[in-house]
Amino acid sequence: MEELIRQEKVRKLRELGIEPYPHKFEVTHEIHAVREKYEKEPQGEEVVLKAKVKRVSNYEGKKLLRLTDESGLEILALTEEEEIKPGEEYTFKGNLVRHEGKLTVINAKVVDEKPNATIEEIKKAYDFDPQGEEVSIAGRLVAWRPMGKAIFGHIQDLLGKIQIYIKKDTIGEENFKFIKEFVDLGDIVGVKGNLFRTQTGELTVEVKEFKLLSKCLHPLPEKWHGIKDIEVRYRQRYLDLIANPNARKIFLMRSKLLAEIRKFMTENGFLEVETPILQPIASGANAKPFITHHNYLDMDLYLRIAPELYLKRLIVGGYPKVFEIGKNFRNEGVDTTHNPEFTMMEFYAAYWDYKDLIRFTERLFEHLINTVLGGKSKVTFEGMEIDLKPPFRVVRYFDLLKEGTGKDKDFFLKADREELIKLARELEVKNPETLTRAKLIDKIFEKVGEPKLVQPTFVIDFPKLLSPLAKTHREDPDLVERFELIIGKMEVANAYTELNDPKEQEERFLDQLKEKQAGDDEAMEMDKDFIRALEYGLPPTGGEGIGIDRLAMLFAGVNSIREVILFPAMRPEG
RNA sequence: GAGCCGGUAGCUCAGUCGGUAGAGCAACGGCCUUUUAAGCCGUGGGUCCCGGGUUCGACUCCCGGCCGGCUCACCA
């Protein structure tokens, strides 16, 4: 009943005339800015260091060592060496980085070499003396170590964490007593004081003024293990973000990813637009929609399954390059790669075709690797090593099918449906007899094509049957000019030269209606106004959709879409 | 929608053969003015997911349900 104890503190504070939730605290620095000012970022330089092991702890399958020497200064080391004993002296060789703000020797190995640096020299080179600068900072209290007449703690804001030191002599007896009595781990606090370095060398604020800014009524998750329960992490994402640095990191990366995509699009002449989410006709993709109701108009509306048909109307209207980043909603299953609402970027460029889109997509990836991944193009996804560096492999749809089945295009498009069903059954496609020809081809492709596509691959030239909005291939009337970009067996992008012949578009919609009657409940809906728009003239246009969540999964190296969506879909709590 | 696995203190986890529950962190009371997974001494804390059943007795065994994870199906 720690909650009760904390509530009681709030009551007492009010009684004393102290507001536990004050309106304002003047902040002069964000925590990371303070650190950046007095800390240089090491770049993995090799160091050989002789030092005594003060403490050994387990950290993500490795050993985290706290090292010291005669200077009393401290440095961390991460090692896979098993036989490290506290109190013993070793010479370590490894690479210097900053880990959660602290200088750390990673990949540390015990060696028999002459040291090339002392802890003191390393600290001097990367951790500078703040010379008592006054700062006023605020954040959440995430560590709290009272030691008699002094208290050490850490406060954390979004990008950083810094140690605070509260000394009775500095802050005064009464303030010290107040802090001891009323402040708890998890509270949001503001401190004003002077920067110094402790004996072990850690940048610290010696607190002159302390203000409680918001009382935390619940105890925080455990400091060492964080919060592991996946259900709690998703339902109470704020706890995940407070307790798990990796979660914070992933969503920062996602935000950066979106910012860089926007920047790249804008710099390349694309105009950001917004089109309806509430749509009277759910079209532009093959999917089951959510249905909602507008009371005043007394009509059912759909949450969009795609913005495609609206964006193309804008090209007709005279905007040559447009893009939209937003949510699509599909009333389907939930699993590690599907959330009912998901983020897509769609963009359209007049006078481009699908080959221009391939080049543009590669340039976009190049930009994102450089800005979001810091130039490192290799990622690990589901245990697969994937290199995101363009150019990507290009392979034709029917070549992949032939490779996987030995059957050519004519077989898939012209053979009796029975034969396709037979092949599908051999490949363990479920209930093939209920599928239309288009779906059969699609399923067979998913069985034999996609599983092979680990490294980024443009699959090009799809069958027309599967692509009602794509323009017929200039060299083959059975195909359309379309590609999917597949990475790690996941469809990440889908693009085509847009069909701009209104008559042909109308016929393709009619074909879709036939598919629907034949049992495909995801076949596309006819949109008559869209046809009318095409009748006014859509220039030759290339259009593409990129799945932002999946891109974020790849960039973050996580295998569940819920790890990159802040609040993934969940059933209501018990 | 189906199969498998899981749900125990605020958090991370133990819990033997069926005998009404433990540890670390967090909390509470002490000591401690450069600590850092601080340390030392002491204390309190449980709807064992929910509902039935079997049993003298159920965290444990059985049945049903809720929530989650994984795999499959469906989809991007």
Side-chain angles (χ1 to χ4, degrees), chain A residues 1-6 8 54-59 64 66 72-74 76 100-102 142-154 161 163-171 176 184-186 196-202 204 206 216-235 239 242-243 285-288 305-306 328-344 428-431 439 442-443 446 450 484-486 490-494 521-522 545-551 559-562 568 570-574:
Chain A
M1 299 298 87
E2 286 162 50
E3 282 84 357
L4 291 179
I5 292 165
R6 292 185 180 209
E8 177 62 15
K54 212 168 148 185
R55 181 182 212 108
V56 182
S57 37
N58 294 316
Y59 184 85
L64 183 67
R66 185 170 289 276
L73 295 166
E74 282 190 1
L76 301 181
E100 285 176 34
K102 293 178 178 175
V142 292
W144 195 237
R145 297 182 291 279
M147 304 190 32
K149 296 180 182 64
I151 301 167
F152 283 94
H154 275 93
K161 196 155 88 170
Q163 181 162 261
I164 60 173
Y165 178 50
I166 303 165
K167 197 159 69 161
K168 195 171 170 180
D169 294 350
T170 310
I171 200 149
F176 193 78
D184 291 298
L185 207 50
F196 75 110
R197 286 193 180 274
T198 60
Q199 272 180 9
T200 58
E202 180 163 353
T204 304
E206 180 165 0
C216 174
L217 296 177
H218 296 278
L220 286 189
E222 203 240 353
K223 62 187 164 192
W224 194 243
H225 297 95
I227 181 151
K228 289 239 174 90
D229 186 326
I230 288 173
E231 188 173 345
V232 178
R233 288 187 48 228
Y234 297 160
R235 284 194 199 281
L239 274 184
I242 290 168
N286 301 105
K288 287 173 220 154
I305 55 175
N328 289 343
F329 305 85
R330 300 192 183 172
N331 207 339
E332 286 151 7
V334 175
D335 64 25
T336 47
T337 53
H338 297 84
N339 195 60
E341 52 179 304
F342 64 103
T343 303
M344 276 258 281
E428 293 173 342
V429 172
K430 224 180 157 191
N431 299 325
K439 279 268 168 186
D442 202 23
K443 290 288 141 207
E446 275 171 27
E450 280 188 8
E484 283 188 2
L485 173 58
I486 301 193
M490 272 193 308
E491 181 187 336
V492 172
N494 183 10
D521 55 358
E522 286 170 356
I546 297 181
I548 301 297
D549 307 292
R550 290 182 174 183
L551 199 60
N559 59 15
S560 168
I561 200 167
R562 295 180 202 107
M570 289 255 163
R571 285 199 170 83
E573 228 169 321

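To find a chain, count down the sequence lines: A is the first, B the second, and so on, and within it residues start at 1.
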TODO: Looking at every strand, decide which applies to A:Gly226 at a 4.0 Å heavy-atom threshold: base, sugar-phosphate, or nothing.
DONE: sugar-phosphate
- [ ] Take the protein atom CD of A:Glu8 and the nucleotide atom P of B:A27, then report the distance between them rounded to whole Å.
- [x] 17 Å
Task: Assigned partner base of B:G64, Watson-Crick or wobble definition, under 3.5 Å - done: B:C50
TODO: Name the nucleic acid region contacted by A:Asn339, choosing base, sugar-phosphate or nothing; use a 4.0 angstrom heavy-atom cut-off, strictly under.
DONE: base
Task: A:Leu73 CG - B:U35 C1' separation (whole Å) - done: 14 Å
Open item on the list: Distance check needed: B:A76 C1' versus A:Asn328 CG, whole Å only.
Closed with: 9 Å
TODO: Please measure how far the C1' atom in B:A23 lies from the corresponding atom in B:A9, and state the result in whole Å.
DONE: 11 Å
Open item on the list: Could you tell me how far B:U35 sits from B:U43 if I compare only their C1' atoms? Round to whole Å.
Closed with: 25 Å
TODO: Quick one: label A:Lys161 by what it contacts on the DNA or RNA (base, sugar-phosphate, nothing), any heavy atom closer than 4.0 Å.
DONE: nothing
Open item on the list: Measuring only the P atom in each nucleotide, how far is B:A58 from B:C50? A whole number of Å is fine.
Closed with: 15 Å
Open item on the list: So A:Gln163, base contact, sugar-phosphate only, or nothing? Heavy-atom distance under 4.0 Å.
Closed with: base
TODO: Please work out if A:Gly333 contacts a base, only the sugar-phosphate, or nothing of the nucleic acid, heavy-atom cut-off 4.0 Å.
DONE: base
Task: Enclosure of A:Glu428 CD (heavy-atom neighbours >12, cutoff 6.0 Å) - done: no
TODO: From the options B:A27, B:U71, B:C74, select the nucleotide whose nearest atom is closest to the side chain of A:Thr336.
DONE: B:U71
Open item on the list: Please classify the nucleic acid contact of A:Asn286 as base, sugar-phosphate, or nothing, using heavy-atom distances under 4.0 Å.
Closed with: sugar-phosphate
- [ ] With C1' as the reference atom in both, quote the distance from B:C32 to B:A14 in angstrom, rounded to an integer.
- [x] 33 Å
Task: B:A27 versus B:G44 - spacing of their C1' atoms, nearest Å - done: 9 Å
Open item on the list: Once you measure the plane-to-plane angle for A:Tyr165 and A:Phe152, does it fall in the parallel (<30°), tilted (30-60°) or perpendicular (>60°) bin?
Closed with: parallel
- [ ] Tell me the partner of B:C28, counting only Watson-Crick (N1-N3 plus N6-O4 or O6-N4) or G-U wobble (N1-O2 and O6-N3) with both under 3.5 Å; none if nothing fits.
- [x] B:G42
- [ ] Just call it for A:Lys228: base, sugar-phosphate, or nothing, with non-hydrogen atoms closer than 4.0 Å on any strand.
- [x] sugar-phosphate
- [ ] Determine the contact category for A:Asp335: base if any of its heavy atoms lies under 4.0 Å from a base atom, sugar-phosphate if only primed atoms, P, OP1 or OP2 are that close, otherwise nothing.
- [x] base
- [ ] For nucleotides B:A21 and B:G46, find the distance between their P atoms and express it as a whole number of Å.
- [x] 12 Å
Task: N-O pairing of A:Lys439 and A:Glu522 below 4.0 Å - done: yes
Task: Who pairs with B:U33 - Watson-Crick or G-U, where each distance is under 3.5 Å - done: none
TODO: For nucleotides B:C62 and B:C4, find the distance between their P atoms and express it as a whole number of Å.
DONE: 13 Å
Open item on the list: On a heavy-atom basis, which atom in A:Arg6 and which in A:Leu185 lie closest, and how many Å separate them?
Closed with: NH1-O, 2.9 Å
- [ ] Report yes if at least one side-chain N or O of A:Arg562 is closer than 4.0 Å to OP1 or OP2 of B:G69; otherwise report no.
- [x] yes
Task: A:Lys439 NZ - B:A73 P separation (whole Å) - done: 14 Å
- [ ] Would you mind checking if A:Lys443 and A:Glu446 are paired as a salt bridge, meaning a charged N to carboxylate O distance below 4.0 Å?
- [x] yes
Task: Heavy-atom closest pair, residues A:Lys288 and A:Asp521 - done: CE-OD2, 3.6 Å
Open item on the list: If only side-chain N and O atoms count, and only distance matters, is there a donor-acceptor pair under 3.5 Å linking A:Thr170 with A:Glu206?
Closed with: yes
Task: Any strand: nucleotide that pairs with B:A2 via Watson-Crick or wobble, under 3.5 Å - done: B:U71
- [ ] Write down the distance between CZ (A:Arg235) and P (B:G7), rounded to a whole number of angstrom.
- [x] 17 Å
Open item on the list: For a quick test of reading the model: is some side-chain N or O of A:Arg571 closer than 4.0 Å to OP1 or OP2 of B:G68?
Closed with: yes
TODO: Return the value, rounded to whole Å, for the distance between atom CG of A:Asn559 and atom P of B:C70.
DONE: 8 Å
Task: Pairwise P distance for B:C13 and B:C56, with rounding to whole Å - done: 38 Å
